[in-house]
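A note on names: the letters A, B, ... follow the listed sequences, proteins ahead of strands, and every chain is numbered from 1.
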There are 2 protein chains.
Amino acid sequence: MATGRTHRPATRSRGIPEATVARLPLYLRALTALSERSVPTVSSEELAAAAGVNSAKLRKDFSYLGSYGTRGVGYDVEYLVYQISRELGLTQDWPVVIVGIGNLGAALANYGGFASRGFRVAALIDADPGLTGKPVAGIPVQHTDDLEKIIKDDRVSIGVIATPAGAAQQVCDRLVAAGVTSILNFAPTVLSVPDGVDVRKVDLSIELQILAFHEQRKSGEETAAGDGGKAAAVTPRDDADQGPDGDVPAVMPA
Amino acid sequence: MATGRTHRPATRSRGIPEATVARLPLYLRALTALSERSVPTVSSEELAAAAGVNSAKLRKDFSYLGSYGTRGVGYDVEYLVYQISRELGLTQDWPVVIVGIGNLGAALANYGGFASRGFRVAALIDADPGLTGKPVAGIPVQHTDDLEKIIKDDRVSIGVIATPAGAAQQVCDRLVAAGVTSILNFAPTVLSVPDGVDVRKVDLSIELQILAFHEQRKSGEETAAGDGGKAAAVTPRDDADQGPDGDVPAVMPA
DNA sequence: ATGTCTTTGTGAACGCGTGCACAAAGATGG
DNA sequence: CCATCTTTGTGCACGCGTTCACAAAGACAT
């Protein structure tokens, strides 16, 4: 088995690669859909197609969990649903707090995907006193002053930050100090946290910018007139030493 | 990250690595902040710290764009802001449509991060006739029937899907047929699109599940986790009334 | 039982991304 | 002009993730 002993700090306590973990929820969703249609078994090929991945990758992913398939037949849907759920820790209840109840926070509070997967919105928290007590998604908003008490009383270990960027780090610090060890950050800021605390970031603006990059590539040199002169010289030259135009005066200050 | 079904063999023949592209917006944000504080130059070390990455990685990333730094000094902030913006295609205006104006769609429409980068919300679209004409974020919602016309009239190439999962594929097909070639998908579904169309996926539920996995690791190292009696307390699947996230409206009409 | 057929599980090769470490390039001071 | 100092740009090595290709394992028919 693991002949090479990996005495690496954290991150890989138990063998399952991070990339695999990130795909498990995807498989779980596809399997749940199959389960509802009462499909008893599924092959790696079929499931991979449903999840939008390569079948070899899927099999290798599952191999990290154990040998849950039957050769010549496929995987038992119900059994696999349970195994993945357990591996992801979804067989237990995870109380979650959402901090920052603006448009996004409210959308998150209403998001159905939470409850259906073992996540429970334990509290909604906002700094605006005007919101305090007002119900959002059936849950009364509480004031930031009570943040520490809420975290501790409900033993919340997962926090969602949906505040403006300026408040994010401060909220983060308070969450961590109160005992939260996993944070899902929607604010466009890089959060700094102590070791042992996990942060995942969701940034709408970044996703769009990545799309814009590829979009620009696709549109090639057409460049439907951006801002006239310097507008994206694009330089489709894909040869070795690309100096991407490099000499566009533009904002060259110094 | 799992995008949909869009495999690009490589960005052109001689392109910027995907991992680098994904970090450019991060650098851009840090640089913009420096620019606002009128900082003239910045070293790779400082900028890397601000962006939360390794300085060697940052330098290598920039090296793909060209040699924009000055040895012994660092990078000119303004100049770099422009170069990255241009590389990402942000020097031109990108009209964007948001389909599905529930809580999430409304949050997106109000999101300031769009306008500040070259993205302009060209239209909000929803299938609910009751919403038609109602302004959200100052923009009147239009009905799905007019989707094709809107896309074509405004030459929209980027679409954001914030509908319930059940409607996502259909909306996607219509967007693509009308000319959209980049899609940001918030619905918990794997979209299938023809070649040449980019899909990026943002899935709140998946992010939380990944956090739960690590959380379980952290808290339950000695919790056998074997499928002994303890885990049996939780029935793997019994959400008969509450379907999976796919059936729960990801967004509700505001 | 035996042979055939299907599908899993995985060894191995490959490619990409990351981080180290250092030489080259330019600034700065004498 | 030369020496020294700072910081970039990158060659290189390493590890992770992906993919191929196939042997092993079981189902099923005869």
Side-chain angles (χ1 to χ4, degrees), chain A residues 1-24 26-27 39-49 51-77 79-80 83 240-244 246 254, chain B residues 1-3 5-24 26-27 39-49 51-77 79-80 83:
Chain A
M1 43 188 321
T3 49
R5 77 154 53 100
T6 47
H7 48 298
R8 258 305 181 264
T11 334
R12 47 225 317 240
S13 34
R14 193 62 168 318
I16 300 184
E18 195 56 33
T20 294
V21 172
R23 281 188 294 268
L24 290 182
L26 217 58
Y27 302 145
V39 177
T41 63
V42 64
S43 71
S44 65
E45 203 69 50
E46 294 168 320
L47 184 54
V53 302
N54 182 295
S55 71
K57 193 187 294 184
L58 179 143
R59 287 198 299 277
K60 178 143 288 193
D61 283 341
F62 285 175
S63 79
Y64 292 116
L65 307 182
S67 289
Y68 295 147
T70 304
R71 303 185 187 214
V73 176
Y75 299 91
D76 181 280
V77 172
Y79 187 56
L80 202 47
Q83 291 298 342
D241 212 40
Q242 37 93 291
Chain B
M1 148 218 24
T3 65
R5 172 58 266 185
T6 309
H7 278 6
R8 48 177 52 258
T11 326
R12 267 307 184 62
S13 28
R14 192 41 100 142
I16 301 175
E18 197 55 33
T20 295
V21 172
R23 281 188 294 268
L24 289 182
L26 217 56
Y27 302 145
V39 177
T41 62
V42 64
S43 71
S44 64
E45 203 68 51
E46 294 166 322
L47 185 54
V53 303
N54 182 295
S55 72
K57 193 187 296 185
L58 179 143
R59 288 197 300 275
K60 179 148 293 193
D61 283 342
F62 286 175
S63 78
Y64 292 116
L65 307 182
S67 290
Y68 295 146
T70 304
R71 301 183 189 220
V73 176
Y75 299 91
D76 181 280
V77 172
Y79 187 56
L80 202 46
Q83 290 299 342

Please report the closest heavy-atom contact between [X] and [Y], naming both atoms and the distance.
X: B:Asp61; Y: B:Thr20; answer: OD1-OG1, 2.7 Å
X: A:Gly15; Y: A:Tyr64; answer: O-CD2, 4.3 Å
X: A:Phe62; Y: A:Leu80; answer: CE1-CD2, 3.3 Å

So if I take every side-chain heavy atom of [X] and compare against [options], which nucleotide ends up nearest?
X: B:Asn54; options: C:dT18, C:dG19, D:dT19; answer: C:dG19
X: A:Arg59; options: C:dT18, D:dG9, D:dA21; answer: D:dA21
X: A:Ser63; options: C:dT10, D:dG9, D:dT18; answer: C:dT10

Taking atom [atom2] of [N] as reference, at what distance in whole Å does atom [atom1] of [X] sit?
X: A:Tyr64; N: C:dT8; atom1: OH; atom2: P; result: 17 Å
X: B:Lys57; N: D:dT7; atom1: NZ; atom2: P; result: 22 Å
X: A:Leu80; N: C:dT7; atom1: CG; atom2: C1'; result: 15 Å
X: B:Leu58; N: C:dC20; atom1: CG; atom2: C1'; result: 16 Å
X: B:Glu18; N: C:dT18; atom1: CD; atom2: P; result: 12 Å

All N/O contacts under 3.5 Å from nucleotides 25-30 of chain C to the protein, with atom names and distances to one decimal?
{"from": "C:dA25", "atom 1": "O4'", "to": "B:Arg71", "atom 2": "NE", "distance (Å)": "3.3"}

Sugar-phosphate only, base, or nothing, as touched by B:Phe62 at under 4.0 Å among non-hydrogen atoms |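 Touches nothing.
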
So, OP1 or OP2 of [N]: does either fall under 4.0 Å of a side-chain N or O from [X]?
X: B:Tyr68; N: D:dT7; result: no
X: B:Tyr75; N: D:dG9; result: yes
X: A:Ser44; N: C:dT8; result: yes

Give me, pair by pair, the N or O atoms of the protein and of nucleotides 11-14 of chain D that are less than 3.5 Å apart, along with how far apart they are.
{"from": "D:dG11", "atom 1": "O6", "to": "B:Lys60", "atom 2": "NZ", "distance (Å)": "3.2"}
{"from": "D:dC12", "atom 1": "N4", "to": "B:Lys60", "atom 2": "NZ", "distance (Å)": "3.2"}

